[in-house]
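This report refers to the structure that appears directly beneath it.
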Amino acid sequence: MKSRPLKIGLFNECFPPIQDGVSQVVENYARLLTERGNDVTVATAKVPFFDYPQTYDVKNIASVPMLFRLPYRVGLPTWMVPLQPIMRYKCDILHLHSPFTAGRIALKLGKKNNTPVIATFHSKYRDDFKRSVKFDWAADFMVRHIMEVFEAADEVWVPQKAVLEVMRSYGYKGKAEIVPNAVDYDLTDLDLPELRVQARHMIGLTDEVPCLLFVGQIIKEKRVDFILEALQLLKKRGFKFRAFFIGKGYWADELRLGIITKRLRDCVEYKGQLHDRSALQLYYAAADLFLFPSLYDNAPLVVREAAVHHTASILTEGCTSAEVIDPDVNGFLAPNKTTDEFAETIINILSDKERLDKVSAGAAATLGLTWKQLMPEVEDRYRHLIKRKVNS
């Protein structure tokens with residue numbers, strides 16, 4: 001087994017061109033495991049009429065649009081699974097990144113072909129369910145339903161220890177392996193100070209004006225409204241800054257309107273979603289501080305992406321994402337109470353350049369793991385699980 005390439009199936013509803021943190025995880029797994037000589041297939045809810053250019057295979061899971069959360073798609077009910085071509089797929093190992101239809105198909109294939117199945121827990125699903133169904137009892141029922149997927153997997157992975165606590169709160173009683181997230185930006189051969197100068201020039205920033213950045217889904221769960229209110233307070237206090245929001249989501253129209261009604265058009269811009277990773281890199285490199293007060297995320301890639309560009313993040317105390325943050329060493333934490341406290345913390349950070357530079361360097365040193373560095377460990381874990389399954 002060790003001497004031959006693996007045939008690997010990665011299953012997730014979401015995949016580029018639809019962009020979010022999980023789709024980026026799957027895309028990087030697929031690309032780099034293929035580069036390592038493996039035969040990789042991604043099974044996903046394909047976007048109609050999109051030409052998938054990847055060198056690896058992308059197989060379709062029959063799906064429909066999620067009307068309440070476009071552009072996402074959701075797989076058709078599992079009773080239709082036997083009718084789908086994906087059910088003829090065979091491989092050495094199945095790795096599911098979604099507990100919905102894609103994940104249940106992976107479990108069915110694992111049982112059918114005696115193939116080991118890994119399940120990675122990525123999101124705070126209960127928060128999503130509560131926004132969709134409004135009733136706690138319904139959200140709890142849906143959580144119990146998806147946790148059956150993780151209970152049935154041969155192995156469960158979480159990106160950091162605090163995420164297992166979230167799973168426990170959902171009723172999961174099994175074990176979990178910690179396999180961290182990483183970044184796809186490799187800046188080894190780049191002159192970061194020069195990149196920063198170029199990026200700020202291209203974006204239209206002067207040296208003396210601090211740059212604040214948010215990248216992610218433009219949804220209330222990410223507390224985009226909280227950030228906007230804090231920025232309004234900064235302006236009212238006479239603090240000079242420029243801020244950029246990058247991403248897309250159901251709250252985008254409210255964000256645009258908020259920038260206008262709060263009279264922030266001279267210092268805040270909403271750039272939409274940037275599919276070009278090089279274009280996005282300019283904003284990471286130009287920023288002085290990354291704003292991420294979200295209580296919704298488990299292990300956000302964007303905090304690591306900012307860190308590798310020597311841009312430290314400010315998060316809020318007590319959130320799951322903050323587990324990787326050592327305050328004033330590789331990031332900053334603000335009290336999780338009011339926008340006033342968040343704004344005051346931003347001012348204090350940006351008023352001490354020596355402190356900010358030190359923490360930004362610490363962020364790059366501790367949070368800059370690349371997917372390329374991580375993939376040998378992932379492949380090794382795959383091989384060990386395959387071996388255990390064969391011997392069991």
Side-chain angles (χ1 to χ4, degrees), residues 183 185 187 190-216 222-224 226-247 259 264 266-271 274 278-294 300-316 321-322 324-334 339 341-368:
V183 296
Y185 289 112
L187 308 184
L190 283 180
D191 183 336
L192 273 176
E194 179 61 25
L195 177 62
R196 174 182 166 81
V197 170
Q198 293 176 1
R200 290 179 73 89
H201 175 73
M202 294 178 70
I203 293 171
L205 298 174
T206 57
D207 290 339
E208 66 274 11
V209 177
C211 176
L212 306 174
L213 178 66
F214 170 85
V215 178
K222 300 272 189 177
R223 300 178 87 185
V224 177
F226 183 93
I227 297 174
L228 199 61
E229 290 175 12
L231 295 179
Q232 184 183 33
L233 290 174
L234 291 182
K235 184 176 180 180
K236 286 182 177 179
R237 295 180 187 184
F239 189 81
K240 302 296 183 183
F241 68 93
R242 288 285 300 282
F244 298 93
F245 289 86
I246 297 174
I259 291 172
L264 295 172
D266 61 329
C267 56
V268 179
E269 289 185 52
Y270 172 46
K271 307 300 293 187
L274 300 181
S278 297
L280 177 59
Q281 182 174 49
L282 293 178
Y283 290 90
Y284 280 131
D288 294 284
L289 189 63
F290 190 79
L291 310 181
F292 205 77
S294 171
L301 296 181
V302 287
V303 169
R304 291 181 178 272
E305 290 177 355
V308 79
H309 291 88
H310 284 240
T311 298
S313 297
I314 174 173
L315 292 81
T316 50
S321 305
V324 298
I325 301 298
D326 188 355
D328 277 0
V329 176
N330 67 354
F332 303 98
L333 295 180
T339 52
E341 289 174 313
F342 194 69
E344 187 64 32
T345 305
I346 292 172
I347 292 174
N348 291 338
I349 293 168
L350 294 176
S351 299
D352 189 343
K353 189 176 186 308
E354 183 178 347
R355 174 193 181 198
L356 178 58
D357 289 345
K358 181 180 178 181
V359 174
S360 296
T366 60
L367 301 176

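Below, all heavy atoms of this structure are taken into account, side chains as well, without hydrogens, waters or symmetry copies. The model shown is predicted, which means the values in this text are computed figures rather than measured ones. Index from 1, following the sequence.
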[atom1]-[atom2] distance between [X] and [Y], expressed to the nearest 0.5 angstrom:
{"X": "Ile246", "Y": "Glu269", "atom1": "CD1", "atom2": "CD", "answer": "10.0 Å"}
{"X": "Leu234", "Y": "Cys267", "atom1": "CG", "atom2": "SG", "answer": "8.5 Å"}
{"X": "Ser294", "Y": "Lys222", "atom1": "OG", "atom2": "NZ", "answer": "5.5 Å"}
{"X": "His201", "Y": "Asp207", "atom1": "NE2", "atom2": "CG", "answer": "11.5 Å"}
{"X": "Leu195", "Y": "Met202", "atom1": "CG", "atom2": "CE", "answer": "10.0 Å"}
{"X": "Leu264", "Y": "Lys236", "atom1": "CG", "atom2": "NZ", "answer": "9.5 Å"}

Taking all non-hydrogen atoms of both residues, which atom of [X] and which atom of [Y] are closest, and how far apart?
{"X": "Leu367", "Y": "Ile325", "value": "CD1-CD1, 4.3 Å"}
{"X": "Ala343", "Y": "Ala230", "value": "CB-O, 3.7 Å"}
{"X": "Gln281", "Y": "Leu190", "value": "NE2-CD1, 4.2 Å"}
{"X": "Arg304", "Y": "Val324", "value": "NH2-CG1, 4.1 Å"}
{"X": "Val303", "Y": "Ser313", "value": "CG1-OG, 3.7 Å"}
{"X": "Ser321", "Y": "Pro300", "value": "OG-CD, 3.3 Å"}

Applying salt bridge (Lys or Arg N to Asp or Glu O under 4.0 Å), can you list everything that pairs with Asp352, at least two apart in sequence or on another chain?
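Expected list: none.
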Evaluate the side-chain proximity of [Y] to [X]: yes if any heavy-atom separation is below 4.5 Å, no if none is.
{"X": "Val359", "Y": "Phe332", "value": "yes"}
{"X": "Phe290", "Y": "Val215", "value": "yes"}
{"X": "Lys235", "Y": "Asp266", "value": "yes"}
{"X": "Thr316", "Y": "Arg223", "value": "yes"}
{"X": "Leu212", "Y": "Ile227", "value": "no"}
{"X": "Leu231", "Y": "Leu291", "value": "yes"}

Before giving the answer on side chain to side chain contact (heavy atoms under 4.5 Å, CB included), spell out for Leu289 and Phe241 the whole-Å C-alpha distance, their side-chain angles and the decisive distance to 0.1 Å.
CA-CA 11 Å; Leu289 189 63; Phe241 68 93; over 6 Å; no
Less than 3.5 Å apart, any donor N or O on the side chain of Tyr284 or Glu305 sitting next to an acceptor on the other?
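Checked: Tyr284/Glu305 side chains pair up, N/O donor to acceptor below 3.5 Å.
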Does the Thr311 side chain pair with the main chain of Ala287, one donor and one acceptor, at a distance under 3.5 Å?
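Checking the backbone N and O of Ala287 against the side chain of Thr311, a donor-acceptor pair under 3.5 Å is found.
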Please collect all salt bridge (charged side-chain N to carboxylate O under 4.0 Å, His left out) contacts where either partner lies in residues 279-293, sequence neighbours excluded, each pair once.
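Qualifying pairs, neighbours excluded: Arg196-Asp288, Arg200-Asp288.
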Within a reach of under 6.0 Å around CD of Glu194, are more than 12 heavy atoms found that belong to other residues, nucleotides or ligands?
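Atom CD in Glu194 is packed in, count exceeds 12.
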Please say whether more than 12 non-hydrogen atoms of neighbouring residues, nucleotides or ligands are located less than 6.0 Å from NZ in Lys358.
no
Under 30°, 30 to 60°, or over 60°: which ring-plane class applies to Phe245 and Phe214, parallel, tilted or perpendicular?
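Rings of Phe245 and Phe214: tilted, 30 to 60°.
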Show the numbers, then the answer: is there a side chain to side chain contact (heavy atoms under 4.5 Å, CB included) between Ile349 and Ile314?
CA-CA 9 Å; Ile349 293 168; Ile314 174 173; 4.0 Å; yes
Is any NZ, NE, NH1 or NH2 atom of the basic residue among Arg237 and Glu344 found under 4.0 Å from an Asp or Glu carboxylate oxygen of the other?
yes
